[in-house]
Amino acid sequence: MIGGLVAMTLDSSILRQLGQGRRTVVVTGTNGKSTTTRMTAAALATVGPVASNSEGANMDAGLVAALAGARSAQLAALEVDEMHVPHVSDAVDPSVIVLLNLSRDQLDRVGEINHIERTLRGGLARHPGAVIVANCDDVLMTSAAYDNPNVVWVAAGGSWAGDSVSCPRSGEIIVRDGVSWYSTGSDFKRPSPQWWFDDTHIYGPDGLVLPMTLALPGAVNRGNATQAVAAAVALGADPAAAVAAVSGVDEVAGRYRTVQVGSHTARILLAKNPAGWQEALSMVDKHGAGVVIAVNGQVPDGEDLSWLWDVRFEHFGDTQVVAAGERGTDLAVRLGYADVEHTLVHDTVAAIDSCPPGHVEVIANYTAFLQLNRRIS
């Protein structure tokens, strides 16, 4: 971000200047921003050169650096922190805004989730010409987009419902009926999607049906891919070419890659909050040599780790589990209450080494993930 920081010091309007003349997609949400942005950039690259903050620096300095590094690109795919979306949108005037999901994350830095939804809603209202590609399975993102005149609804999935038990508009109960949901206090309900997916295909407007086989695991990434394709198609990409492009994404800034760590192979997953942990845990191979769970509590992670008690760790069975990270002791207490047999090894590499020979799954939160990647790169 250093280039962006210097440029912003010299000229506070630099983000607006660099955003002019481009067709830009802004991608935001609590989880999946980096993956969806990487997929969106790949899909847009079938149309032309794309500027993108591919390393995940998603605040102003990172956006400036990404745009300045690709001055001639007429397209941009930008991952943007949820709280920064309103003023970034005012600066770059995006053609498309992708809304993934909202859930509690870093409460000590950001605050309560309904405040973020209202902030997003207000920011979107200032850009009625933008196409909003919104996840209609997420109550909070649906609320943020609901009043916009130009929404493309995507059934991208949403297995975490712990932060949307009440309606963000009326305060009444949200009733869930299979895939649908509605508010008891108003006419606010799940919109009908124009895009959706299943285990083998992606479905779109006008009867579009295309096979979709992704390199990345999990239903959550099929949802991310569907929103990325919808965003790219909104900017003129051919649907088949866009699907082929997102299908080729196999790594996102070190996430999902499998590496050799000593005598073990290790697949590295990132999870940062209860919703993200739930999705990451669903991807874990429980039949390997072990699972290492690494948790730190630094400022970028959120120093409040009370969210550990919202994560369901109870399903590991006989899998060997190792608690690791600077806050490994906090995690070990949680695992104990979940009746998960485990050991405690604070150093993540040593925790991997402590597993029996074979393949190890590693799930780490933000700074624990970064520390591990520096050591094994």
For the residue pair [X] and [Y], confirm or rule out a side-chain donor-acceptor distance under 3.5 Å.
X	Y	value
S143	R169	yes
E79	S34	yes
Q227	T36	no
H127	N148	no
N296	Q371	yes
Y256	N221	yes
Q298	E303	no
N58	H84	no
T367	D301	yes
E361	H359	yes

Determine whether a donor-acceptor pair (N or O, by modelled atom type, separation under 3.5 Å) exists between the side chain of [X] and the backbone of [Y].
X	Y	result
T319	K286	yes
S247	M212	no
D138	N101	no
S170	C167	no
H342	A323	no
R176	W181	no
R23	L235	yes
R22	A73	yes

[X] and [Y]: which non-hydrogen atoms are nearest, and at how many Å?
X	Y	result
D11	Q17	OD2-NE2, 2.7 Å
F369	A364	N-CB, 3.6 Å
V249	A215	O-CB, 3.4 Å
I202	V243	CG2-CG2, 3.8 Å

- Side-chain heavy-atom pair T40, V246 within 4.5 angstrom cut-off: no
Heavy atoms from other residues, nucleotides or ligands near [atom1] of [X] exceed 12 (cutoff 6.0 Å):
X	atom1	result
K189	NZ	no
Y366	OH	no
I173	CD1	no
D177	CG	no
E341	CD	no

- Supply the members, apart from V209, of the Ile/Leu/Val/Met/Phe/Trp/Tyr cluster built from side-chain contacts under 4.5 Å; use none for a lone residue. W196, Y203
- So if you build clusters from Ile, Leu, Val, Met, Phe, Trp, Tyr with side-chain heavy-atom gaps below 4.5 Å, do I376 and V292 land together? yes
- Query: Between E117 and R121, does at least one N-O distance fall below 4.0 Å, as a salt bridge requires?
  - Reply: yes
- Message: Using a 6.0 Å distance limit plus a 45 degree cone around the ring axis, check whether R222 lies over the aromatic ring of F197.
- Response: no
